[in-house]
Amino acid sequence: MNRSEGVSAEGSGMTGTSRRRGLGAERLLDLQRQLSARDLRLLELVAAHRFLTTRHIEQFLFHDHATQTSGARSCRRSLARLESWQLVERPIRRVGGMQAGSASSIWMLASPGHRLLNLRAGNGAVGRVREPGERFIRHYLAIADTHLTLVTAERSSQLELSTVEIEPLCWRSHVGLGGQREVLKPDLFAVTAPRTDGLPAEFEDSWFIEVDRATESLPTVVKQCEQYEAYRRTGIEQDQRGVFPLVLWVVPDERRATGLRTAIQRSKKLDTDLYRITTPEQFLAVILRGAA
DNA sequence: TACACCGTGTGCACTATTTG
DNA sequence: CAAATAGTGCACACGGTGTA
């Protein structure tokens, strides 16, 4: 479906005489002094999501401008500056948008950007990034889409978003039946409350959100559901937060939704009440409807 | 104090790229 | 081809900061 051009070798900001070598810690500290608070927020946002399109960054951080185009303009200028400082980079050029027209660039933290954030966090100037695969990138972009849907719904007062955690912050580790350490890895964790007439609802809903791209077989997905059940049986989440979140699968289309729904119903091991299955288009409606 | 410089915000005209 | 979208170049305005 998506023809993707290879990596566009952009000699961004490198002068003819400069050699490829890492930026030293002094140079990083020097760069850090030149960064605005928003530059840092931008770097942290990209680091948290691993990959974001220009459009994502624009909507997360540059939404409060006079016009949308002006926000976009500022966003691209900030990104260009950070790219010239080798703090962010474009791993691939995405070809073809959703409809006609060019698609947004995809951004990731470059190795110096990674080291700069680690330096700030007191972890020393360490960190290196590898060339990611396209499937991997698309999964993270889909997570960003889902996160952004929640954030924009909160901005427009449709819901109250008291917690939203991206992986690995939302991961839950526990000890399995055999005594081995298990890690449950949702893509997002969120606590929401729909707003009506500007007032948040009386009850909050907690969600483990899984963004599915139909790249895994249904039996594999069912196994993943079993991990949620196993974690629920430990009682850890209920002890810490009072409730066990619903598991919301966001799947690409109705066909996959039906397939997954049937697979969960047929499985003897799963409690169907724990799951909600939706498509990106219906995602917000499901969140607003809540656990009811 | 006056001035230069820089980052940022904004608008406009333009190019590049893709879809139908 | 036209339409749609992302991105660029340029010009101007504004406020903060450093310096003579």
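The figures that follow rest on heavy atoms only: side chains count, while hydrogens, waters and symmetry mates do not. Chain letters run A, B, ... following the sequence lines, proteins first and then strands; every chain starts at 1.
- Atom P of nucleotide dA6(C) and atom CG of L52(A) are separated by 15 Å, given to the nearest angstrom.
- Rounded to an integer number of Å, the gap from CZ of F62(A) to P of dT10(B) is 12 Å.
- The separation between Q59(A) atom CD and dT5(C) atom P is 13 Å, rounded to whole Å.
- For R55(A) and dG7(C), a side-chain-to-base donor-acceptor distance below 3.5 Å is absent, hydrogens and geometry of angles not being considered.
- The CZ atom of R41(A) sits 11 Å away from the P atom of dT8(B) (whole-angstrom rounding).
- The CD-P distance, from E58(A) to dG9(B), rounds to 13 Å in whole Å.
- In this structure, E83(A) atom CD and dA6(C) atom C1' are separated by 14 Å, rounded to whole Å.
- Of the possible polar contacts, none joining the T220(A) side chain to the E216(A) backbone as a donor-acceptor pair under 3.5 Å is found.
- Remark: P of dG7(C) and CZ of R73(A) are 11 Å apart, rounded to the nearest angstrom.
- With a 4.5 Å cut-off on side-chain heavy atoms, L42(A) and L82(A) count as touching.
- Judged by distance alone, with hydrogens and angles left aside, the side-chain atoms of H49(A) form no donor-acceptor pair with the main-chain N or O of V46(A) at under 3.5 Å.
- Using a 4.0 Å heavy-atom distance criterion, T54(A) is classed as a sugar-phosphate-only contact.
- Aromatic ring centres of F208(A) and F244(A) lie closer together than 6.0 Å.
- To the nearest angstrom, C1' of dT10(B) lies 9 Å from CZ of R77(A).
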